[in-house]
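What you see is a predicted model; the values in this text were computed from it and never measured. Below, read A as the first sequence line, B as the second, and so on, with proteins coming before strands; counting in each chain starts at 1.
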There are 2 protein chains.
Amino acid sequence: MSLTYDSQFPATAFGLTGHCDATEALSRMGLRLRIAKDEEIYGQDEDADLIYRVVSGAVRTTSLLRDGRRQIGEFYYAGEVFGIEPGQSHRFSAEALCDCEVVAVKASALKAAVGEAAFDRMVWRATSRELDRAQEHVLLLGRKTASERVASFLMDMAERGRAEAVVLPMGRQDMADYLGLTIETVSRTLTQLQNRLVVEFAGLRQFRVNDLGALSRMAA
Amino acid sequence: MSLTYDSQFPATAFGLTGHCDATEALSRMGLRLRIAKDEEIYGQDEDADLIYRVVSGAVRTTSLLRDGRRQIGEFYYAGEVFGIEPGQSHRFSAEALCDCEVVAVKASALKAAVGEAAFDRMVWRATSRELDRAQEHVLLLGRKTASERVASFLMDMAERGRAEAVVLPMGRQDMADYLGLTIETVSRTLTQLQNRLVVEFAGLRQFRVNDLGALSRMAA
DNA sequence: CGTTCATTTGAAGACACTCAACGTCTGTGG
DNA sequence: CCACAGACGTTGAGTGTCTTCAAATGAACG
C-alpha cells in the first residue's frame with residue numbers, strides 16, 4: 001500500500017465541510033465528475049455559470065501568455081471551492097492536477113436552493129481566500145529568490161497536513177509554473193534543501209521536514 | 001501652468017461616481033483627510049474598520065519582507081475605493097503616492113447608512129476588482145520579462161486616461177517595486193522604449209504613446 | 001544659484017535560464 | 001517477473017538578463 005495524495009488529505013480533513021451551508025449543499029446537489037489528469041475542467045474566457053468543489057485529488061488554474069509561457073494561479077485541494085469569478089467569465093482555465101473527482105453545480109440552482117444569504121456567504125468566503133492567496137503570491141513572485149520561493153511552497157504544503165510525510169499532488173513542472181521558475185531551478189533548489197538536511201524526500205513526491213525552523217527562515 | 005496628475009484624472013472621470021450608492025455615500029459621509037506624500041494611511045496588520053476612497057492624488061499598498069524588500073500590491077487612483085479587507089486586519093499597508101486627499105468612513109457606519117445590500121454590493125465590487133488586478137499581477141510577475149512588465153505598466157496607465165499625455169503619479173522606485181524590478185532596470189527599459197520611439201517622455205513623469213501597436217505587442 | 005534628491009548611465013557580477021545529456025521512475029506488454 | 005519504452009526528473013556547462021555597486025547627470029526647490 002502506497003501513500004497517495006488522497007489518502008493524506010481526505011475531503012473531510014481540516015474542517016472544510018460544514019462551515020458553510022452552501023458549500024455543503026454544493027456537494028449534495030452537485031453533479032459528481034471524474035476528471036483525468038491534465039484534463040480541462042473549464043477554459044479561459046468561458047462563461048462562469050458553474051461552481052466547483054474538489055472532492056478528491058487536486059486542481060490547478062492556469063493562465064497562458066500568447067507564446068505559451070504558463071503561470072499557475074492557484075492549486076485547489078480536496079474540500080476547496082473553485083470556479084467562482086467576480087466577472088462573467090473565467091479568467092483562468094482549470095485542469096486536473098491528477099485524476100480527481102469534483103462536484104459542479106449551477107450557481108443559479110445553488111442560490112435558489114440555499115437562499116441568497118447563504119450563497120453570498122459562500123461566494124464571499126471563496127473570493128476572500130482567493131484574494132488572500134493571490135496577494136501572497138504577488139509578494140512571492142515579485143520579491144523572493146528561487147530558494148525562498150521553493151521554501152515558501154514547501155512550508156505551505158507542510159502546513160496543509162500535519163502528517164509526518166507530505167505528499168505533493170503535482171509534478172516539478174507545475175511547481176515551477178506556480179513559482180515563476182523553470183523546472184531545472186526547482187529541481188536544483190530541492191536538491192540543495194535535501195543536501196542541507198532541511199527536508200528529506202522519499203521518492204519524487206513525498207517529503208518530510210527535518211528542520212522546520214530553517215525552512216521557515218529560508219521562506220523569507 | 002503645468003500638467004499635474006490630478007488635473008488629468010479628476011475623481012469624476014471614468015464614471016466612477018454614481019455607479020454605486022454606497023460609494024457615493026462614502027464620499028458624502030466620510031471624513032476628508034489630507035495625506036502628505038509617503039505618509040502612511042494604515043499599517044500592515046492594523047484593524048480594518050475604516051473604508052477609504054481616493055478623492056485626489058493616488059495611493060499605494062505595500063508589503064514588506066523582513067529584510068526590507070518591498071512589493072507594491074496595487075495603486076489606487078481618484079475615485080477608487082481601498083482598504084476593504086476580507087479578513088479582520090489589513091494585509092498590506094497603504095501610503096500616499098503623492099500629496100492627496102481621501103475620505104474615510106467606518107464600515108459599520110456606512111453599512112447602517114446605506115443598508116446591508118448596498119454596502120455588500122460595494123464591498124463585492126471593490127473586492128472583485130482587487131482580485132482581478134492581483135491575478136493579472138501574478139501573471140506579470142511570474143512570467144513576463146522586464147521590458148514586458150514595463151510595457152504592460154505603461155499600457156495600463158495609458159488606458160486609464162484617454163488624454164494625449166499621460167502623467168505618472170509615482171516615481172521610478174514605486175514603479176520598480178510594483179513590477180518586481182530594480183529602479184535601474186526600470187530606468188534602462190524606459191530609455192530603450194524611448195530610443196525605439198515607442199513612447200516619448202516629456203519630463204520624468206509625463207509621456208505620450210507614439211506606437212500603441214508596438215507597446216501592446218511588447219506587453220506580451 | 002546652489003543644494004538635494006531622483007534618475008540615468010556604466011561596469012562588473014550573480015542568479016536563474018537555456019540547452020543538452022544522463023538517470024530514474026512508471027506502466028505496459030512480452 | 002522482467003524488459004522495454006516513454007515520461008519525468010536531475011545534473012552540468014555556458015549564457016543572458018537583471019541586479020549590484022558606483023558615479024554622473026538632471027530635475028526640483030528653497
For the pair B/Phe92 and B/Tyr42, evaluate ring-ring contact (aromatic ring centres under 6.0 Å, His included) and give the outcome as yes or no after the intermediate values. CA-CA 8 Å; B/Phe92 289 73; B/Tyr42 55 75; 9.6 Å; no
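With the nearest nucleotide of DNA chain D identified for both A/Lys37 and B/Lys144, A/Lys37 has the one nearer the 5' end.
As a whole-Å value, the separation of B/Asp177 CG from C/dA6 P is 13 Å. Atom-to-atom, CG of A/Asp67 to P of C/dC17 comes out at 15 Å; the value is rounded to the nearest Å. B/Glu184 places its CD atom 14 Å from the P atom of D/dA23, with the value rounded to the nearest Å. Atom CZ in A/Arg172 sits about 14 Å away from atom C1' in C/dG23, given to the nearest Å.
Phosphate proximity of D/dT19 to B/Thr185: present, with a side-chain N or O under 4.0 Å from OP1 or OP2. Contact check, A/Arg188 against D/dT10: no side-chain N or O comes under 4.0 Å of OP1 or OP2.
With hydrogens and angles left out, the side-chain atoms of A/Ser93 and A/Thr62 include a donor and acceptor closer than 3.5 Å.
At a threshold of 4.0 angstrom between heavy atoms, the contacts of B/Leu190 with the nucleic acid are absent.
Note: A/Tyr52 and A/His90 have tilted aromatic rings, judged against thresholds of 30 and 60 degrees for the angle between ring planes. Ring geometry for B/Tyr178 versus B/Phe75: interplanar angle of 30 to 60°, hence tilted.
In the set D/dT11, C/dC17, C/dT7, D/dT11 carries the atom at the smallest distance from any side-chain atom of A/Thr191. Distance from the side chain of B/Leu181 is smallest for D/dC18 among the nucleotides D/dC18, D/dA22, C/dC17.
Residue side chain B/Gln173 does not reach the base of C/dC5 through any donor-acceptor N/O pair under 3.5 Å, judged by distance alone.
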